[in-house]
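Below is a structure I'd like to ask you about.
Ligands are counted one by one from 1 in listed order, and the atoms in each one are counted from 1 as well. In this chain, residues are counted from 1 in sequence order.
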Amino acid sequence: MTEKKYHVITYGCQMNEFDTEVYSKFLEEMGYAETKSPEDADILVFNTCAVRENADKRLYGRLGQAVGWKRNRPDMVIAVCGCVARKDGQSMADRFSHIDLVSGPGDIASFKDNIIEILEGKTPVVSVSSTGDELDLSASRKSSVSAWVPVSAGCDLKCAYCIVPYVRGDLRSRQPENILKEVRELVDGGFKEIILLGQNVNRYGLDLKPRVKFSELIREIGGIDKDFRLRFVSPYPKGFTKELIAAMTEVPQVCEHIHLPLQAGDDNVLKRMRRGYTGEEFVKLVADLRAAIPGLSITTDIIVGFPGETGEQFENTMKLVEEAMFDNAFMFAYSARAGTEAAKMEDQVPHEEIMQRLYRLIEVQNSIMFDKNSAFLGKTVEVLVEGPSKKDPSRMTGRTRDNRVVVLEGETFKPGEVVFVKIDKTFLWGLKGSRPGG
Ligand code: 5AD
Ligand code: SF4
C-alpha cells in the first residue's frame with residue numbers, strides 16, 4: 001500500500017506557522033506523511049491569513065488551482081483553516097464546492113475529528129468558532145533547533161485597522177505551569193531557541209486569575225538552567241513595562257532583539273488607529289530599551305495610508321523612522337478589512353498615493369538597514385546555526401542574537417551549534433561570514 005500524504009500551505013504570521021505544526025502533528029498521528037508537492041497530497045491544508053487583502057486574493061487563486069488537482073484525484077481532501085476560514089466561513093464552502101473542511105483557528109482542537117468525519121462520511125464540514133481550546137496542543141516541529149511556544153491566543157485590544165480580534169477572538173492566556181513544562185521539555189530535548197508567541201505577547205496573563213505578569217513568566221523561564229536563546233513576538237508598545245525591560249536585561253537567555261510595531265509616527269493617526277501611545281512615547285520607549293540593553297536591535301511594522309492620513313502626517317512617520325533607526329521594518333500599504341472600524345472611515349487614501357508614500361518609506365528604511373548591517377563588516381558575531389539556506393541549500397544559515405540572518409561559508413556547520421564567525425560581507429538582508437581563520 002502506498003503511504004498516505006499531506007501538505008500544508010501556510011500564509012501569515014508565526015502563530016500560523018506554529019498552527020501548521022499542530023495540523024501536521026494531527027495528520028501524522030493519523031498515519032499521513034508530509035509531501036513537498038501539494039498536488040500529490042491526499043489531504044491538502046491551506047492555513048490562511050486575513051490580515052491584508054493580498055494574502056486573501058492569493059489564497060483564492062491557489063484554491064482555484066487546487067480545483068484542477070482534485071479533478072484528477074477526486075479523493076483528495078481539501079481543508080481551509082486559519083483566519084480566512086474564520087472570516088469567510090460558510091460562504092467559502094458555498095463558493096467552492098470542492099472544499100471539504102472550513103476550520104477556524106479557534107477550532108484547531110477539533111481538526112482531527114473533522115477530518116475523520118469527512119473521510120467517513122464524505123460530507124463537507126464547516127467549523128468556525130472564534131475561541132477555542134487551542135493552546136495546549138502538541139506540534140510536529142519542523143525545526144530541531146528553534147521551537148515556537150504559544151503563550152496566549154487572540155487579542156483584547158481593537159486597533160481600528162486590525163481584523164485579528166474578529167478572527168482569533170479575545171485574549172486567552174495559557175497557564176504558566178504548562179508553558180514552563182513545555183519549555184523545559186523542549187530545551188531538555190535539545191532545542192536551542194524558544195520563541196514565545198502571542199498576538200500581543202506582553203498582555204500575557206492579564207486574563208488569568210490570579211493575574212500573571214509577562215515579565216514574571218520570562219524570569220521563570222530564565223530560571224531553567226540551560227543554555228538556550230529566548231525570544232518573544234510580538235509585544236505591544238503600550239504596556240511595555242519597566243519590569244519587562246528589567247527582566248530582559250537580567251535574564252541571560254533573552255536575546256538582544258525586539259520587534260516593536262510602530263504602525264504610524266503621527267499622533268493623530270495613532271489616535272485614530274487606537275494605538276494608545278504617541279510618537280514621542282514610542283521614541284522614549286526605544287531610547288529606554290536601547291539604554292538598558294547594549295547591542296539591542298529593534299524591528300518594527302508600519303502601515304502606510306491609514307484612512308485620513310494626510311501628506312503631512314505621513315511626513316511625521318518618515319521623521320520618526322529616521323529618528324528611531326530601526327534595524328528592520330515590515331512596511332505595508334493599508335488594506336481595508338471589512339468589519340473593522342477603519343474600513344468604515346471616510347477619506348480612504350487613494351491606492352496610488354499610498355504606494356508613492358510606501359516606496360519613499362521603504363527607500364529611507366532600506367538605507368538605514370544597509371548602514372546598520374554594514375557596521376558589522378569585519379566583526380565577529382555569535383551565530384546559532386539553523387540549517388541549510390532556503391535560497392542556496394548548499395550553504396548553512398543562522399542568526400545572531402540580535403536576529404540578523406548570517407549565511408555561513410565553509411562546510412563545518414551543524415544545526416543547533418553556536419559558532420563565532422567573522423563577517424566578510426554585508427547586505428540589505430543580512431550578513432555573510434565564516435569561521436575566523438577557517
Ligand atoms: N492593512 C495593512 N497592514 C495591516 N496590518 C494589520 N492590519 C493591517 C491592515 N488592515 C499589519 C500591521 C501588523 C502586521 C502583522 O500587519 O503592521 O503589525
Ligand atoms: Fe494573519 Fe493575523 Fe491571522 Fe496571523 S493572526 S494569520 S497575521 S490574520
Side-chain angles (χ1 to χ4, degrees), residues 10-19 47-59 82-84 86-88 105 148 150 152-168 195 197-203 232-240 257-266 269-270 272-277 279 282 285-286 298-309 313-314 317 320-321 324 326-345 347-351 353-355 357-359 361-362 365:
T10 311
Y11 302 85
C13 63
Q14 282 113 326
M15 194 66 101
N16 253 26
E17 293 200 38
F18 174 73
D19 287 349
N47 190 10
T48 62
C49 171
V51 85
R52 280 173 297 276
E53 201 181 356
N54 315 6
D56 215 317
K57 275 204 191 122
R58 266 191 308 165
L59 165 74
C83 298
V84 182
R86 173 71 184 89
K87 178 172 77 69
D88 293 350
W148 285 303
S152 65
C155 180
D156 60 342
L157 299 175
K158 286 214 166 70
C159 298
Y161 50 81
C162 186
I163 199 165
V164 170
Y166 305 94
V167 290
R168 290 214 175 232
I195 308 176
L197 290 181
Q199 223 55 253
N200 201 319
V201 75
N202 50 330
R203 290 182 71 80
F232 52 89
V233 282
S234 286
Y236 193 89
K238 188 181 144 202
F240 202 111
H257 167 239
I258 192 93
H259 185 72
L260 200 60
L262 165 68
Q263 310 303 6
D266 177 80
V269 176
L270 284 168
R272 286 183 302 108
M273 284 179 161
R274 297 195 184 281
R275 292 293 288 174
Y277 54 86
F282 186 92
L285 175 59
V286 164
I298 302 183
T299 56
T300 199
D301 290 344
I302 299 170
I303 300 176
V304 173
F306 183 77
E309 182 189 77
Q313 290 168 346
F314 170 69
T317 297
L320 202 153
V321 164
F326 296 112
D327 294 83
N328 202 348
F330 297 95
M331 295 163 277
F332 307 108
Y334 166 76
S335 162
R337 308 280 53 214
T340 61
E341 193 188 338
K344 296 181 211 100
M345 288 178 180
D347 300 337
Q348 301 278 328
V349 182
H351 182 71
E353 177 66 34
I354 294 185
M355 295 317 283
R357 291 181 193 173
L358 183 61
Y359 291 136
L361 180 68
I362 291 174
Q365 176 55 33

For ligand 1, which atoms, with element, lie under 4.0 Å from some heavy atom of Y334?
1 (N), 2 (C)

What I want to know is whether R52 and ligand 1 share at least one N or O pair that is separated by under 3.5 angstrom.
yes

Run the salt bridge (Lys or Arg N to Asp or Glu O under 4.0 Å) test against R58 and tell me which residues pass, sequence neighbours left out.
none

Those residues that, when tested against Y161, pass ring pair (Phe, Tyr, Trp, His ring centres under 6.0 Å) (two or more places apart):
none

Under 4.0 Å from a heavy atom of V51: which atoms of ligand 1 are those, numbered in the order shown and with their elements?
6 (C), 7 (N), 8 (C), 9 (C), 10 (N)

When you look for heavy atoms under 4.0 Å from ligand 1, do you find them on the side chain of A333, its backbone, both, or neither?
backbone

Taking 4.0 angstrom as the limit and counting only heavy atoms of R337, give me the atoms of ligand 1 inside it, by number and element.
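So the answer, numbered in order with elements, is 10 (N).
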
Between I303 and ligand 1, which part of the residue brings a heavy atom under 4.0 Å of the ligand: side chain, backbone, both or neither?
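Only the side chain of I303 comes within reach of ligand 1.
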
Pick one of side chain, backbone, both or neither for how Y161 approaches ligand 1, counting any non-hydrogen atom pair under 4.0 Å.
both

Donor-acceptor pair, distance only, cut-off 3.5 Å: does the side chain of D327 make one with the backbone of I298?
yes

What atoms of ligand 1 come within less than 4.0 Å of a heavy atom belonging to Q263?
12 (C), 13 (C), 17 (O), 18 (O)

Any donor-acceptor pair under 3.5 Å linking the side chain of Q365 with the backbone of F326?
yes

N328 side chain to H259 side chain, donor-acceptor N/O pair below 3.5 angstrom:
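The criterion, which ignores hydrogens and geometry beyond distance, is not satisfied for H259 and N328.
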
Carboxylate-amine/guanidinium contact D347 R272, below 4.0 Å:
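Looking at R272 together with D347, the answer is no, because their closest N to O distance does not fall below 4.0 Å.
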
